[in-house]
Number of protein chains: 2
Amino acid sequence: MHSLNNLIIEFYDKLSSWEQSVVKDTGYSLAQVHTIEVLGSHGPMRMKELADRLGITTGTLTVQVEKLVQFGLIVRTPHEVDRRSIMVELTSEGTALHKQHNRMHLQLTEDITRHLDPESIKVLTQSFEKMNREF
Amino acid sequence: MHSLNNLIIEFYDKLSSWEQSVVKDTGYSLAQVHTIEVLGSHGPMRMKELADRLGITTGTLTVQVEKLVQFGLIVRTPHEVDRRSIMVELTSEGTALHKQHNRMHLQLTEDITRHLDPESIKVLTQSFEKMNREF
DNA sequence: TTTATTAGTTTGATTGTCAAATTATCTTGA
DNA sequence: TCAAGATAATTTGACAATCAAACTAATAAA
């Protein structure tokens with residue numbers, strides 16, 4: 001258990017460094033790419049929900065979103081029924097960036113699991129499912 | 001492979017949020033606790049090595065270390081042979097903080113793996129070892 | 001012994017962040 | 001119904017963390 005704990009921490013640190021270096025190559029900041037990632041994997045959503053998912057305040061997000069709109073990566077549209085709310089979604093460019101980033105992630109996953117046999121991959125997948133459920 | 005990739009990303013995000021909330025309770029910042037974590041798990045080291053492990057410049061670290069010294073969590077001592085270098089190490093208070101944080105991590109690992117059978121834990125551990133090697 | 005490299009600090013600028021105040025809209029309960 | 005409270009987003013002012021570049025001191029290499 002103790003060694004598994006250390007392995008998880010090491011895994012997290014390495015994934016962190018990897019993400020940092022991959023993001024740097026895009027020319028956008030970590031916070032910006034993270035915003036694109038969330039919108040890309042969960043679809044359009046309100047400012048409030050996006051802020052909650054990113055773990056930041058809406059005040060911070062307002063500024064962040066402003067920049068991404070200027071970059072042409074996202075657009076703001078009024079919420080259909082709630083006029084207080086604003087929906088945020090990816091443009092085609094934003095979607096392209098998300099897809100590109102996703103491909104990098106997929107490639108990394110393939111790279112780091114290449115010495116695992118099919119049975120281990122199966123157990124690993126099931127274990128991640130169970131662990132994610134327990135957070 | 002595609003689903004494993006998504007599970008890894010989800011795992012990473014959840015671990016990120018967990019760390020954020022756990023760190024907030026300590027009263028120290030994420031960057032500060034991270035510095036303590038690295039020193040705690042790898043022992044005393046030079047500024048340069050610490051900066052590299054944290055993925056920041058030595059300029060940033062100089063400021064960061066200054067604060068941690070004021071908090072009484074670390075001390076700076078001259079390097080024994082290289083007079084350009086400065087060794088940074090945890091005080092007993094810093095060590096206490098590290099141990100406390102480590103206990104939280106261990107508890108989390110126990111919590112999220114409680115529905116895994118011994119054989120899965122074994123495979124999971126071996127898989128993490130292999131994946132960490134491939135980064 | 002020059003010259004180049006390395007370790008750490010300082011400085012100035014930028015980014016990401018929050019809390020609090022503000023405006024607009026929605027929801028609720030009397 | 002409608003006044004009071006709650007919620008969504010923005011704005012503002014203040015910090016934290018960060019980097020790049022200039023700088024000092026010490027070591028390494030030619």
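Here is how names work: the chains are called A, B, and so on, in the same order as the sequence lines, proteins then strands, and each is numbered from 1.
For A:R83 and C:dT27, the shortest distance from a side-chain N or O to OP1 or OP2 is not below 4.0 Å.
Note: A:L68 CG to A:L39 CG = 8.5 Å, rounded to the nearest 0.5 Å. Annotation: the span from A:R46 atom CZ to A:D52 atom CG amounts to 9.0 Å, rounded to 0.5 Å. Taking CG of B:D111 as the reference point, atom CD of A:E134 lies at 8.0 Å (rounded to 0.5 Å). In this structure, the separation between CD1 on B:I121 and CG on B:L116 is 5.0 Å, given to the nearest 0.5 Å.
Remark: side-chain polar atoms of A:T57 are paired, donor with acceptor, to backbone N or O of A:T60 under 3.5 angstrom. Within the 3.5 Å criterion, the main-chain N or O of B:D13 finds a donor-acceptor partner in the side chain of B:S17. Side-chain atoms of B:T35 come within 3.5 Å of backbone atoms of B:A31 as a donor-acceptor pair (strictly under, hydrogens ignored).
With a 3.5 Å ceiling on both atom-pair distances, the Watson-Crick or G-U wobble partner of C:dA13 is D:dT18.
B:V123 and B:M1 sit in two unconnected hydrophobic clusters of ILVMFWY residues. Membership requires side-chain heavy atoms under 4.5 Å apart, directly or through other members. Under the 4.5 Å side-chain contact rule for hydrophobic residues, B:M87 and B:L73 do not share a cluster.
Contact record, B:H105 with B:E19: NE2-OE1, 3.1 Å, taken as the closest heavy-atom pair. Annotation for B:N5 and A:N102: closest pair ND2-O, 4.4 Å, computed over non-hydrogen atoms.
Between the CZ atom of B:R84 and the C1' atom of C:dA7 there is a distance of 6 Å, given to the nearest Å. Protein atom CD1 of B:I86 is 7 Å distant from nucleotide atom C1' of C:dG8, rounded to whole Å. The CG atom of B:D52 sits 12 Å away from the C1' atom of C:dT6 (whole-angstrom rounding).
Using the six-membered ring where Trp is involved, B:W18 and B:H101 have ring planes that are tilted, between 30° and 60° apart. The aromatic rings of B:F135 and A:F11 sit perpendicular, their planes meeting at an angle over 60°, well past the 30° parallel limit.
In the 5' to 3' direction, nucleotides of DNA chain D lying under 4.0 Å from heavy atoms of chain A begin and end at D:dT7 to D:dT11.
Side chains of A:D117 and A:S120: a donor-acceptor N/O pair is present below 3.5 angstrom, by distance only.
Within residues 11-25 of chain B, no residue approaches DNA chain C, by heavy-atom distance under 4.0 Å. A heavy atom closer than 4.0 Å to some atom of DNA chain D occurs in A:R46, A:M47, A:K48, these being the qualifying members of residues 31-50 of chain A. Contact check of residues 67-74 of chain B against DNA chain C (heavy atom, cut-off under 4.0 Å) returns no residues at all. Of the residues in residues 55-66 of chain B, B:G55, B:I56, B:T57, B:T60, B:Q64 come within less than 4.0 Å of DNA chain D through at least one heavy atom, sorted by number.
Sequence neighbours left out, the pairs with a member in residues 53-80 of chain A that pass salt bridge (Lys or Arg N to Asp or Glu O under 4.0 Å) are A:E49-A:R53, A:E66-A:R76.
Among the protein residues, A:V88 comes within range of no part of the nucleic acid, since none of its heavy atoms lies under 4.0 Å from any strand.
Taking 4.0 Å as the cut-off between side-chain N and carboxylate O, A:E10 and A:K14 count as a salt-bridged pair.
D:dA16 adopts a syn glycosidic conformation, its chi angle falling within 90° of 0.
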